[in-house]
Amino acid sequence: MILTGFFYSAIWKNEKNGHTIFRLATNKGKLVCEGKLPKIEYQTPISLDGKFIKRDGENRFIFRSYDFFEDNNNSIQVLNSGAYKKLSEKEKKRVVSYFPYGIFATVEQYQTEEKPMKEFLKSVPLKDKEIAEYVFDRTESFLKQKTLFKEIVSCGGTYANMQKIYNKYHKKSMEILRKNPYKVGLYAKMNFSACDILAKRYGYSTLSEIRADGFFFFAMDMVRSRGNCYATKANLKSACDFLNKNSCYEEKIPFLYVLSRATRHQNIYIHQTSNECHVYYKKIYETECSVAHNIKRINNSSYKLPFQEALMSKLEKDEHIQRSPSQQKSCMVLESTGIKIITGGPGTGKTTTINLIIKYCLENYKDMPVCLCAPTGCAAQHLSEKTGLPASTIHYLIGARPCSSHRNKENDSEDKFLVTNRKLQYKIYIIDEFSM
C-alpha cells in the first residue's frame, strides 16, 4: 500500500539507525507512521510503501521504503516545505517555471548529465540564476541523501553511518562509496559485513586488491579497538579469520595475501623483532618513539631535590592520616625530578598520596610552580574537586586546538591538532588518569 502526504512532525527518532515515528499530514488527517527515514524538513511531500498495523492502541502505518513526490505536479507546495526557507513567495512563483516536470523530477532528469547544475542553468535567465541554483542544489542534495540512505540501510548500515559519509563527501558520496566501500565504511564506523555486501554488489572479486586492503585495515581496527598500539601476525590472523567467517563471499581470502598488502601502504610500519613482527600505523609508531625518546631525555636530566621525610610525616599528622608502607614509598618520588608513575587499584590510596605530594610541594618547593592536569575535561574537574586546586586538560595546557581542515591523508578519521609553541612556566606537573 502506498501512502502519500506531507511530513508534519517527528514524535521520536533513533539518531543511530534512523528509525522514526512521525506524523504525516494526509487528506485523511494526520496519521502516525513508523520506519527508517533520514532527516526530513517540515511539509516535505513523501510517499511511503507499507501497511497499517495496530500498535500501542492506535493504527500506525509501518513503511518499508519512502520516496519524494509532487501532488499533481504542485511544485509550489514542495517549495513551501521547510527545506527552501530562503525563498520569498515571489521567488517561489518565479522559479517554478524552470522546473517543468516538477522540482524532484526535473532535477532527477539532469542527473544523467556530466555537470547537472551547469546544464540546468543554461535555460535560466541571469536574473533568476541564483534562486534557481539554490533550489536545484537543495533538491539534488535531498535526492543524493535519499539514494545513499537506502544504499547504506539495505546492507545493514545505519542512519549515523550515512550522515557521517554524506557530511564528508557530500554529493559525491555514492561515487566514492562505489570506488572503495571498505575505506568509506571504515571511516563511517560501518560493520565489515555491510562493506562486504556493498563490495559484492559493486562487482569486486574475492581476491581484488581493494577487498584485501579492506580486510587488512578492518583487522587492524579490530586489534586497535582492544587498546593495542600495534598488531602481531597472530592478532591479524585471528581478526581476518573472524572477518572471513562473517563474510558474504563463499571463497575465503588467504591471510598471507592480506598481510602482503601491509607492505604496500606508506602509512604502515612493520617493526621486525627477533621472533615476531609488529605492524603499526606509522603515525602511532613515530609517536611511541617520540614518547620513549622524551621519557629517556627527561629522566637522564633529572636531579636531586631537598626532600625530608620528617616534614612529610608532620604534614601527615596535620592531615590526620596514616600512610601505608606503599604510600610512604610513593612519597619518596619527591627525592628527585623526572617522570614518576603512581599506580594502584581503586581504594589503594592514590588520591591521598597525591594530595600529600601536592601540599608538600606547595609548602617546601615555593620556587617550583605546580600544575594539575588530566586528559579529559571530566577527569580534570574530578582532580580539581579531589585536591581543591584548579586543574585543566592537557590539551588546554599546551594550547592544542583541533584543526579539522588538516586531515591525515592516509587515515581520514584522525584529526591533527595545532599546538601553540610556548614555554610553560610550571616545574612540577601532576597528571591524573594519564593512562587514558
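Because the structure is predicted, anything quoted here is derived from the model rather than measured. We count residues from 1, following the sequence as given.
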Next on the checklist: Is it the case that over 12 heavy atoms from other parts of the model lie below 6.0 angstrom from the CD atom of E385?
Outcome noted: yes
Item to check | Salt bridge K282-E286, side-chain N to carboxylate O under 4.0 Å | outcome: no
Under 3.5 Å, side-chain donor or acceptor atoms of residues 355-365 against the rest of the protein: list the pairs with distances, not counting sequence neighbours.
residue	atom	partner	partner atom	Å
N355	ND2	T351	O	3.4
N355	ND2	K386	O	3.4
K359	NZ	E319	OE1	2.9
K359	NZ	E319	OE2	3.3
Y360	OH	Q308	N	2.9
N364	ND2	Y360	O	3.0
Y365	OH	P306	O	3.4
Y365	OH	L334	O	3.4

Next on the checklist: Could you check whether any side-chain N or O of T147 sits under 3.5 Å from a backbone N or O of L143, counting only pairs where one atom can act as donor and the other as acceptor?
Outcome noted: yes
Item to check | Contact summary for V258 and C240, nearest pair of heavy atoms | outcome: CG1-SG, 3.9 Å
Checklist entry - For S392, what residues pass the side-chain hydrogen bond (donor to acceptor under 3.5 Å, both in side chains) criterion, not counting sequence neighbours? => result none
Item to check | Side chain S141, main chain D137, donor-acceptor under 3.5 Å | outcome: no
Checklist entry - Quick check: are there more than 12 heavy atoms from other residues, nucleotides or ligands sitting under 6.0 Å from CZ of F242? => result no
Checklist entry - side-chain contact (heavy atoms from CB on, under 4.5 Å) between T44 and Y84: does it pass, once the steps are laid out? => result CA-CA 10 Å; T44 298; Y84 306 92; over 6 Å; no
Next on the checklist: Within the structure provided, determine whether L397 and L424 are in side-chain contact (heavy-atom separation under 4.5 Å).
Outcome noted: yes
Next on the checklist: Given E140, which partner from the list K146, K171, K115 fulfils the salt bridge (Lys or Arg N to Asp or Glu O under 4.0 Å) test?
Outcome noted: K171
Next on the checklist: Could you go through Y281 and I268, starting from their C-alpha distance and side-chain angles, then the distance that decides it, and tell me whether this counts as side-chain contact (heavy atoms from CB on, under 4.5 Å)?
Outcome noted: CA-CA 5 Å; Y281 278 109; I268 295 298; 3.7 Å; yes
Checklist entry - Do other residues, nucleotides or ligands put more than 12 heavy atoms under 6.0 Å from R23 CZ? => result no
Item to check | Shortest non-hydrogen contact between G345 and K350, atoms and distance | outcome: O-NZ, 3.1 Å
Item to check | Non-hydrogen atoms of N161 and A188 that approach each other most closely | outcome: ND2-O, 2.9 Å
Checklist entry - Under 4.5 Å between any side-chain heavy atoms of I354 and D432, yes or no? => result no
Item to check | More than 12 heavy atoms of other groups within 6.0 Å of F136 CZ | outcome: yes
Item to check | Whether S384 side chain and A380 backbone form a donor-acceptor pair below 3.5 Å | outcome: no
Checklist entry - Take atom CZ in F434; do more than 12 heavy atoms of anything else shown fall under 6.0 Å from it? => result no
Next on the checklist: Quick check: do K13 and E15 have side-chain heavy atoms less than 4.5 Å from each other?
Outcome noted: yes
Item to check | Geometric cation-pi criterion, R55 with F61: 6.0 Å, 45° | outcome: no
Checklist entry - If only atom types and distance count, is the side chain of T26 paired as donor or acceptor with the main-chain N or O of G5 below 3.5 Å? => result no
Checklist entry - Which word best sums up how the rings of Y429 and Y426 line up, parallel for under 30°, tilted for 30 to 60°, or perpendicular for over 60°? => result perpendicular
Checklist entry - Any side-chain heavy atom of D49 sitting closer than 4.5 Å to one from Y66? => result no
Checklist entry - Any ion pair linking E276 and K233 (charged N to carboxylate O, less than 4.0 Å)? => result no
Checklist outcome for this item: Applying ring pair (Phe, Tyr, Trp, His ring centres under 6.0 Å) to Y182 and not counting sequence neighbours gives F192
Checklist entry - With no hydrogens and no angle check, is any side-chain donor or acceptor of Q111 less than 3.5 Å from a backbone partner on P116? => result no
Checklist entry - Could you give the distance from CD (E209) to CZ (R264), rounded to the nearest 0.5 Å? => result 6.0 Å
Checklist entry - Hey, is NZ on K129 packed in by over 12 heavy atoms from elsewhere, all under 6.0 Å? => result yes
Next on the checklist: Pairing donors with acceptors under 3.5 angstrom, does anything connect the side chains of E288 and Y280?
Outcome noted: yes
Checklist entry - Under 3.5 Å, is there a donor-acceptor pair between the E309 and S313 side chains? => result yes
Checklist entry - Would you call E91 and K86 a salt bridge, taking side-chain N to carboxylate O under 4.0 Å as the test? => result no
Next on the checklist: What I want to check is whether the side chains of R201 and S154 have a donor and an acceptor closer together than 3.5 Å.
Outcome noted: yes
Next on the checklist: For the backbone of Y202 and the side chain of R178, can you confirm whether one donor and one acceptor N or O come within less than 3.5 Å of each other?
Outcome noted: no
Next on the checklist: My understanding is that only residues two or more places apart in sequence, or in another chain, count here; which of them pass ring pair (Phe, Tyr, Trp, His ring centres under 6.0 Å) with Y159?
Outcome noted: none
Item to check | Donor-acceptor contact present, side-chain K36 to main-chain F63, <3.5 Å | outcome: no
Checklist entry - Less than 4.5 Å apart, any side-chain heavy atom of M1 and any of L48? => result no
Item to check | For F7, all residues meeting ring pair (Phe, Tyr, Trp, His ring centres under 6.0 Å), sequence neighbours excluded | outcome: F22
Checklist entry - Do we get K85 above Y42's six-membered ring, with its NZ or CZ under 6.0 Å from the centre and within 45° of the axis? => result no
Checklist entry - Is it true that E89 and K92 make a salt bridge, defined as a side-chain N closer than 4.0 Å to a carboxylate O? => result yes
Checklist entry - Would you say R60's side chain and V32's backbone share a donor-acceptor pair under 3.5 angstrom? => result no
Checklist entry - Is any side-chain N of the basic residue among K237 and D241 closer than 4.0 Å to the acidic one's carboxylate O? => result yes
Next on the checklist: Could you walk me through whether I103 and V135 satisfy the side-chain contact (heavy atoms from CB on, under 4.5 Å) test, starting with their C-alpha distance in whole Å, then the side-chain angles of each, then the deciding distance to 0.1 Å, before giving a yes or no?
Outcome noted: CA-CA 8 Å; I103 304 296; V135 173; 4.1 Å; yes
Next on the checklist: Testing the 3.5 Å rule here: is there a donor-acceptor pair between the side chains of S247 and D196?
Outcome noted: yes
Next on the checklist: I'd like to know if the side chain of N300 pairs up with that of R297 as donor and acceptor (distance under 3.5 Å, no hydrogens or angles considered).
Outcome noted: no
Checklist entry - Please walk me through it: do K304 and E335 pass salt bridge (Lys or Arg N to Asp or Glu O under 4.0 Å)? => result CA-CA 6 Å; K304 290 282 185 179; E335 287 187 317; 5.4 Å; no
Checklist outcome for this item: Closest non-hydrogen atoms of C331 and T353, given as atom of the first, atom of the second and distance, are SG-CG2, 4.1 Å
Checklist entry - Got a sec, which residues hit side-chain hydrogen bond (donor to acceptor under 3.5 Å, both in side chains) with S336, two or more places apart in sequence or on another chain? => result K340
Next on the checklist: A side-chain contact here means heavy atoms from C-beta on lying under 4.5 Å apart; do K164 and Y187 qualify?
Outcome noted: yes
Checklist entry - Which heavy-atom pair separates P390 from L372 by the least distance, and what is that distance? => result O-CB, 3.8 Å
Checklist entry - Is a donor on one side and an acceptor on the other found under 3.5 Å between the side chain of N244 and the backbone of K252? => result no
Item to check | Stepwise side-chain contact (heavy atoms from CB on, under 4.5 Å) check, T20 with E34 | outcome: CA-CA 6 Å; T20 309; E34 181 178 342; over 6 Å; no
Item to check | Over all atoms of both residues, closest heavy-atom pair of P45 and F6 | outcome: CB-CE2, 3.5 Å
Checklist entry - Heavy-atom count around Q381 CD within 6.0 Å, excluding the residue itself: above 12? => result no
Next on the checklist: I'd like to know if the side chain of S205 pairs up with that of Y249 as donor and acceptor (distance under 3.5 Å, no hydrogens or angles considered).
Outcome noted: no
Checklist entry - Does the T232 side chain pair with the main chain of H278, one donor and one acceptor, at a distance under 3.5 Å? => result no
